[in-house]
Protein chains: 2
Amino acid sequence: MFQHMSKARHPESVDLDLPRILHALSDPGRLEMLSTLADGVERTCGELGSDQPKSSASHHFRILRDAGLIRTRVKGTNHYNSLRTEEVEARFPGLLDAVLSAWRTSR
Amino acid sequence: MFQHMSKARHPESVDLDLPRILHALSDPGRLEMLSTLADGVERTCGELGSDQPKSSASHHFRILRDAGLIRTRVKGTNHYNSLRTEEVEARFPGLLDAVLSAWRTSR
DNA sequence: TCGTTGGTTCGATAATTATCGAACTAAGGA
DNA sequence: TCCTTAGTTCGATAATTATCGAACCAACGA
C-alpha cells in the first residue's frame with residue numbers, strides 16, 4: 001500500500017512547518033534547484049538534478065515537496081516542478097527572498 | 001590538547017556559510033533561543049536552555065556558535081550569549097528578520 | 001583549601017538523513 | 001505488443017546529528 005508520486009502530498013500553506021522548511025533549505029544542491037526555479041518557470045526533474053543519480057535527485061525533490069517548497073505536476077512521463085512562491089510568501093513573508101538572495105551572493 | 005570554550009571559534013562574517021546557518025536554524029529549540037536573544041540582551045546558557053540537560057543545551061549552543069549566529073562571552077563562571085545581529089545582517093540582509101518573524105507567527 | 005556554580009567535553013547510543021544501484025511503474029511511441 | 005523515457009521506490013550502507021549521563025574545568029566565595 002504505497003502512494004506513487006501521482007498522489008504525492010503537497011502540504012497546505014497553513015501546514016507549512018518552519019523547521020522543516022529550513023532543513024530542506026540547508027543543502028547546497030537543493031538551494032541551487034530552488035534558485036533555478038525562482039524565475040517561475042516549471043522544470044522537469046531531469047533538468048534540475050542532472051548532476052547526480054536519479055534516485056538521489058528524487059530524494060531531494062521529495063524533501064522539497066514534503067516541506068511545501070515546490071509543487072510537482074505530472075504530465076505524461078514528465079514531472080514538472082515549480083516553486084510555491086505565493087504560498088510560501090503568504091505564510092512566511094520575505095523568507096524565500098531572503099534565503100535565495102543570500103544563496104546567490106554566497107555561491 | 002583540547003580547546004576550552006574560552007578559545008572557542010566564532011567565524012568571521014565573511015566565512016558565514018548559508019547551508020550551515022539554515023541547518024542551525026532548522027530546530028525549534030534553537031529558534032526559540034535565538035528568538036529570545038533577538039531583543040539584544042545577553043543571556044547566560046542557563047537562562048536559555050533550562051528546559052533540557054546541560055550537555056544537550058551546550059550542544060545546541062555550539063551549533064549556533066559554529067554557524068556564527070551567536071557570540072559567547074565568558075565572564076567569570078558565566079557564559080553570556082548574544083545574537084550576532086549586525087554581522088549576519090551585513091552578510092545576509094533580511095535573513096534573520098524573516099526567519100525569526102516566521103518563527104514567531106508559527107509557534 | 002574546599003565546595004559550589006555554570007558550563008564544556010567525552011563517550012556511548014539512538015535517530016535521522018544522505019547516497020546510490022537495482023527493481024519497478026506509468027505513459028507514450030514504434 | 002514491445003521498447004523507451006522519466007522518475008519513483010526499495011533496500012542496504014554510510015555519514016551526520018541528537019541525546020544525555022558522567023567526568024571535567026575554571027572562577028568564585030566561604
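As a basis for the values below, the full set of heavy atoms in this structure was taken, side chains included, without hydrogen atoms, waters or symmetry mates. Keep in mind that this is a model prediction, so the values were computed, not measured. Here is the naming used below: chain letters follow the sequence lines, and residue numbers restart at 1 for every chain.
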Check nucleotides 18-21 of chain D for protein N or O atoms closer than 3.5 Å to its own N or O atoms and list the pairs.
{"from": "dA18(D)", "atom 1": "OP1", "to": "R30(B)", "atom 2": "NH1", "distance (Å)": "3.1"}
{"from": "dA18(D)", "atom 1": "OP1", "to": "R30(B)", "atom 2": "NH2", "distance (Å)": "3.2"}
{"from": "dA18(D)", "atom 1": "OP2", "to": "H59(B)", "atom 2": "NE2", "distance (Å)": "2.9"}
{"from": "dT19(D)", "atom 1": "OP2", "to": "H60(B)", "atom 2": "NE2", "distance (Å)": "2.8"}
{"from": "dG21(D)", "atom 1": "N7", "to": "S55(B)", "atom 2": "OG", "distance (Å)": "3.1"}
{"from": "dG21(D)", "atom 1": "O6", "to": "S55(B)", "atom 2": "OG", "distance (Å)": "3.1"}

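- Distances shorter than 4.0 Å separate some side-chain N or O of R65(B) from OP1 or OP2 on dT8(C).
- If you take CE of M33(B) and C1' of dG7(C), they are 13 Å apart, rounded to a whole angstrom.
- Put simply, CZ on R62(B) is 13 Å from C1' on dG7(C), counting in whole angstrom units.
- In this structure, CG of D66(A) is placed 14 Å from C1' of dT9(D), rounded to the nearest angstrom.
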Under 3.5 Å, which protein N or O atoms sit close to an N or O of nucleotides 28-30 of chain C? Give each pair with its distance.
none

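- Between the side chain of S106(A) and the backbone N or O of A102(A) there is at least one donor-acceptor pair closer than 3.5 Å.
- Going from atom NE2 of H79(B) over to atom C1' of dA26(D) covers 9 Å, rounded to whole Å.
- With contacts defined as side-chain heavy-atom distances shorter than 4.5 Å, the pair C45(B)/Y80(B) does not qualify.
- Residues R71(A) and E87(A) have side chains in contact (heavy-atom distance under 4.5 Å, counting atoms from C-beta outward).
- Comparing the local axis fitted to the first five base pairs of the helix from dT1(C)-dA30(D) to dA30(C)-dT1(D) with the one fitted to its last five gives a bend of 10°, rounded to 10°.
- Look at CZ on R43(B): it is 13 Å from P on dG7(C), rounded to the nearest Å.
- Between the side chains of E32(A) and S35(A), not a single donor N or O lies within less than 3.5 Å of an accepting N or O.
- Under the 4.5 Å side-chain contact rule for hydrophobic residues, L100(A) and L25(B) share a cluster.
- Salt-bridge check for E89(B) with R84(B): failed, with every basic side-chain N at 4.0 Å or more from each acidic carboxylate O.
- At least one donor-acceptor pair closer than 3.5 Å links the side chain of R30(A) to the backbone N or O of H23(A).
- In this structure a side-chain-to-backbone donor-acceptor pair under 3.5 Å is present from S101(B) to D97(B).
- Not one N or O on the side chain of R65(A) forms a donor-acceptor pair closer than 3.5 Å with the backbone of N81(A).
- In this structure, L69(B) and L96(B) have side chains that are in contact, with non-hydrogen atoms separated by less than 4.5 Å.
- One can place CG of N81(B) at 14 Å from P of dG6(C), the figure rounded to the nearest angstrom.
- To the nearest angstrom, C1' of dC10(C) lies 14 Å from NZ of K54(B).
- By the criterion of side-chain heavy atoms lying less than 4.5 angstrom apart, applied directly or through intervening Ile, Leu, Val, Met, Phe, Trp or Tyr residues, F92(B) is not grouped with I63(B); the two fall into different hydrophobic clusters.
- L64(B) has its CG atom 14 Å from the C1' atom of dT17(D), to the nearest Å.
- If you check dT8(C), dG7(D), dT8(D) against the side chain of F61(A), the one that comes closest is dT8(D).
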